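Right, one structure below, let's go through it.
Quick caveat: nothing in here was measured; it's all calculated off a predicted structure. Proteins come first, then strands; the chains are lettered A, B, ... in the order of their sequence lines, and each starts at number 1.
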2 protein chains.
Amino acid sequence: METIQKDFLQELGYLGFTMRLKRISDKLMQDGRRLYQSLGLDIEPNWYGVFLLLDRYGKLGVMEVADYLQLAHPSAIAIINKMEKAGYLLAERDAIDQRKRRVFLTAKAKEKLPVYKKIWSAGTESVRQLTALTNLFADLKRFESHYNNSDFTSRTLSAHSQYETTPRELSIIPFSEKYADDFGRINYEWLHMYFKVEPHDYEMLDHPQSYIIDKGGQIFFALCDGFVVGTVALILKDKDVYELSKMGIAPMYKGKKIGEKLLLYAIDYARKEGKKSVYLESNTSLTPALNLYHKAGFVEVANDPDTPYERCDIRMELLLN
Amino acid sequence: METIQKDFLQELGYLGFTMRLKRISDKLMQDGRRLYQSLGLDIEPNWYGVFLLLDRYGKLGVMEVADYLQLAHPSAIAIINKMEKAGYLLAERDAIDQRKRRVFLTAKAKEKLPVYKKIWSAGTESVRQLTALTNLFADLKRFESHYNNSDFTSRTLSAHSQYETTPRELSIIPFSEKYADDFGRINYEWLHMYFKVEPHDYEMLDHPQSYIIDKGGQIFFALCDGFVVGTVALILKDKDVYELSKMGIAPMYKGKKIGEKLLLYAIDYARKEGKKSVYLESNTSLTPALNLYHKAGFVEVANDPDTPYERCDIRMELLLN
DNA sequence: AAAATTTAGGTAGGAGACTACGTAAATAAT
DNA sequence: ATTATTTACGTAGTCTCCTACCTAAATTTT
């Protein structure tokens with residue numbers, strides 16, 4: 001427990017996504033509130049949508065506001081009532097539809113709006129700077145639309161239905177076609193998390209049989225609780241040299257020495273196959289992995305300038321016997 | 001108000017970021033809860049962090065849990081207490097530090113964990129699919145670290161301090177160096193939102209003076225409430241032909257006919273300069289803009305196969321006099 | 001050794017969002 | 001015309017997270 005890993009959720013990868021998102025949005029919200037307070041303004045961070053909506057469209061019904069902002073209507077009501085109490089909104093009954101309460105900005109609101117817009121512009125600029133050089137917006141949009149289309153719940157449910165009771169113990173098995181997808185799944189996750197996925201990766205991860213097994217290599221899977229929780233590949237590089245690659249552990253199972261067992265198993269296999277050495281390429285930022293390699297006897301050697309991977313900045317080797 | 005723009009927050013661009021983020025994270029949370037309910041499980045969507053944390057590290061104090069998950073400690077306490085009540089957690093006093101309450105997983109938790117992990121894996125896979133082909137994770141990480149470093153509040157505050165009371169009315173003025181940054185600000189926003197920014201864009205947006213003005217073109221700014229809310233550029237393409245480009249309105253000021261005024265003003269200028277025609281390149285997905293162009297008299301002509309912009313799939317022209 | 005400060009953990013209260021349920025007006029169906 | 005259904009709100013209750021404040025143990029200072 002020496003160096004405390006500060007951000008566990010980040011370490012959990014895809015699984016931590018939900019809570020990380022909430023964390024960011026909550027923080028932004030809190031900051032917004034603080035900002036208004038320090039400026040001495042009597043508005044809340046979630047009001048700007050209503051302000052701008054009514055600034056553009058004039059009078060709107062409660063449901064319309066909710067629809068535009070994609071809020072459940074009670075939330076819209078809560079905001080509207082507060083704004084009304086603060087004197088920014090007025091409401092009137094719709095002449096033809098008696099149920100409808102049409103809300104609109106008061107003179108106070110219209111007077112203050114330019115000031116608020118100025119502040120929102122500043123905030124907008126901050127967000128622009130924070131998201132500069134990223135595709136956060138396009139990606140977020142894509143995420144939202146995919147998410148709205150596909151039913152997350154039912155998809156996850158069906159995936160779950162394949163659950164079968166199996167021993168808890170860790171077992172390590174060689175490649176079999178039925179786990180080919182897991183090979184990709186495990187590795188795409190950490191690649192995605194730390195680097196960008198390179199073309200060379202796609203080939204191997206999507207076609208392990210043809211790119212690794214058929215060329216004289218081997219892949220091992222760590223199985224636990226009934227599914228694949230770790231992978232490692234030995235790629236035949238020379239008649240007596242393996243490259244060790246695609247070593248990945250499912251985030252949920254990290255910290256359980258599974259990587260170590262997998263690595264030792266692979267080394268043992270290489271030795272039994274009569275190979276002279278195993279080498280690997282990695283990145284210095286992946287300290288836990290490097291420690292593991294070191295512990296297993298790998299030593300740093302000169303970097304290969306012709307590596308097909310951009311992310312690799314270190315090469316290690318282990319001589320067998 | 002013909003076609004109701006469904007997502008107002010998306011339309012607001014950077015400004016809508018906060019609420020969109022909250023919307024997504026809340027939705028994910030709700031879905032998680034529904035998922036567990038339909039599976040008949042007595043766990044909550046925000047428990048997985050604690051489960052996996054204790055699975056890895058064994059016994060931890062309340063504050064440690066809070067730190068790892070980056071939660072305020074009352075939140076951690078709330079989760080821990082519920083999990084304890086549900087029988088998943090037990091607590092004991094630390095032998096040396098009497099204040100410390102060390103929590104750990106019960107036998108029930110350890111027994112159920114494989115099942116839950118299976119479900120979380122399925123959820124993980126769903127997130128992977130939803131974020132495939134995006135850089136959401138790398139970008140989110142970058143956003144988080146930038147955000148944690150720079151003080152959003154104080155930055156926005158200082159930007160706000162430049163506020164000066166100015167007339168509410170819209171005015172249109174020609175290029176001046178002091179608004180050069182605004183030219184970039186306004187245009188980067190919509191480019192970022194709808195497309196990816198192309199190299200050609202950076203040049204022009206960062207150096208309007210040399211790339212547009214000095215080459216015989218002109219830029220107009222719409223000013224309102226004391227700051228720039230819209231831009232349009234006329235680029236000299238031929239001795240009597242302008243290309244109309246970089247037409248953008250700050251999201252907060254959309255729907256106020258500012259674009260229309262700016263466009264007519266630019267056309268008028270071109271006419272006064274004695275040009276024969278103005279053409280523009282755009283994208284068919286930008287319906288509101290296309291309507292505007294159409295209304296101003298632009299007609300669709302054959303597309304230019306040599307356009308420097310990837311995003312453009314339509315070309316329109318307006319003959320003057 | 002006594003006093004001051006930090007740290008661990010807890011409570012109270014507030015904000016935001018959502019679901020579920022209820023009511024009355026408007027619209028559609030028979 | 002009467003009944004059934006949809007729509008527009010509104011209320012209540014629950015969940016999440018956070019800040020502010022409090023206590024008591026551990027650690028530092030003096």
Side-chain angles (χ1 to χ4, degrees), chain A residues 9 18-34 36-38 42-50 59-86 91-103, chain B residues 9 18-34 36-38 43-50 59-85 91-103:
Chain A
L9 293 180
T18 314
M19 285 186 75
R20 275 175 72 194
L21 229 49
K22 178 149 181 62
R23 199 164 71 187
I24 299 174
S25 89
D26 280 340
K27 202 179 263 181
L28 283 164
M29 211 65 133
Q30 303 281 354
D31 264 15
R33 181 182 315 285
R34 245 192 303 275
Y36 293 134
Q37 277 175 1
S38 60
D42 60 339
I43 56 175
E44 301 283 337
N46 56 346
W47 289 5
Y48 71 88
V50 178
K59 300 182 182 179
L60 288 177
V62 174
M63 299 306 283
E64 286 173 304
V65 172
D67 280 351
Y68 271 116
L69 300 179
Q70 303 222 35
L71 290 171
H73 76 275
S75 309
I77 292 177
I79 295 175
I80 287 171
N81 288 345
K82 279 192 189 174
M83 287 179 70
E84 202 174 352
K85 197 174 287 177
E92 64 179 24
R93 281 289 142 192
D94 187 287
I96 33 178
D97 189 338
Q98 292 293 313
R99 298 167 305 176
K100 222 167 179 172
R101 183 174 135 206
R102 284 158 67 79
V103 292
Chain B
L9 293 181
T18 314
M19 285 185 73
R20 274 175 73 195
L21 229 48
K22 177 147 182 63
R23 199 164 72 187
I24 300 175
S25 88
D26 279 342
K27 201 180 264 182
L28 282 164
M29 208 68 129
Q30 304 282 353
D31 265 14
R33 185 181 314 285
R34 244 192 303 276
Y36 292 135
Q37 277 174 0
S38 59
I43 54 175
E44 302 285 335
N46 55 347
W47 290 5
Y48 70 89
V50 178
K59 300 181 181 178
L60 288 177
V62 174
M63 300 304 284
E64 287 173 305
V65 171
D67 281 350
Y68 271 115
L69 301 179
Q70 303 221 32
L71 289 171
H73 75 276
S75 309
I77 291 177
I79 296 175
I80 287 172
N81 287 346
K82 278 194 188 172
M83 287 179 70
E84 201 173 352
K85 197 175 286 177
E92 63 178 24
R93 284 285 143 191
D94 187 289
I96 32 180
D97 189 337
Q98 290 297 310
R99 299 168 305 176
K100 220 165 181 173
R101 186 174 133 208
R102 287 157 66 78
V103 291

May I have the distance from [X] (atom [atom1]) to [N] (atom [atom2]), rounded to whole angstrom?
X       : N      : atom1 : atom2 : answer
A:Asn81 : C:dA15 : CG    : P     : 14 Å
B:Asp26 : D:dC15 : CG    : P     : 15 Å
B:His73 : C:dT6  : NE2   : P     : 17 Å
B:Leu60 : C:dA8  : CG    : P     : 13 Å
A:Met29 : C:dG14 : CE    : P     : 18 Å
B:Leu28 : C:dG16 : CG    : P     : 21 Å
B:Leu21 : C:dA17 : CG    : C1'   : 14 Å
A:Lys59 : D:dA8  : NZ    : C1'   : 18 Å

Next item on the list: Would you check, one step at a time, whether the test side chain to side chain contact (heavy atoms under 4.5 Å, CB included) holds for B:Val103 with B:Lys59?
Entry: CA-CA 5 Å; B:Val103 291; B:Lys59 300 181 181 178; over 6 Å; no
Next item on the list: Report the residue (A:Ser75 or B:Lys100) whose heavy-atom-nearest nucleotide on DNA chain C is the more 5′ of the two.
Entry: B:Lys100
Note to self: If you assign A:Gln30 and A:Ala76 each to the DNA chain C nucleotide with the nearest heavy atom, which residue ends up on the more 5' nucleotide?
What the structure shows: A:Gln30
For [X], which contact category applies under a 4.0 Å heavy-atom criterion: base, sugar-phosphate, or nothing?
X       : value
B:Asp94 : nothing
A:Lys27 : nothing
A:Arg33 : sugar-phosphate
A:Pro45 : nothing
A:Ile80 : nothing

Item checked: Residue-phosphate contact under 4.0 Å: B:Lys22 side-chain N/O, D:dT16 OP1/OP2 ->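 No, B:Lys22 has no side-chain N/O under 4.0 Å of OP1/OP2 on D:dT16.
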Check: Is there a side-chain polar atom (N or O) of B:Asn46 under 4.0 Å from OP1 or OP2 of D:dC17?
Finding: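 For D:dC17, OP1 or OP2 has a side-chain N or O of B:Asn46 closer than 4.0 Å.
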Does the side chain of [Y] come within less than 4.5 Å of [X]'s, by heavy atoms?
X       : Y        : result
A:Asp94 : A:Arg101 : no
A:Val50 : A:Met83  : yes
A:Met29 : A:Asn46  : yes
B:Lys22 : A:Asp26  : yes

Taking the side chain of [X] as its heavy atoms from C-beta onward, which of [options] lies nearest to it?
X        : options                : value
B:Arg101 : C:dA25, D:dT19, C:dG10 : C:dG10
A:Leu71  : C:dC18, C:dA15, D:dA25 : C:dC18
B:Ile77  : D:dA8, D:dC17, C:dG10  : C:dG10
A:Val62  : C:dG9, D:dG10, C:dC18  : D:dG10

Checklist line | Pairwise 5' ranking along DNA chain D for B:Ala95 and B:Glu44, keeping only the more 5' one | finding: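 Mapping each residue to its closest nucleotide by heavy atoms, the 5'-most match is B:Glu44.
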Notebook entry, point to check: Under the 3.5 Å rule, do the base of D:dA25 and the side chain of B:Arg99 count as making a donor-acceptor pair?
Noted result: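 Flag set: donor-acceptor pair detected.
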Notebook entry, point to check: What do the steps show when you test B:Arg102 against B:Leu60 for side chain to side chain contact (heavy atoms under 4.5 Å, CB included), and what is the final call?
Noted result: CA-CA 5 Å; B:Arg102 287 157 66 78; B:Leu60 288 177; over 6 Å; no
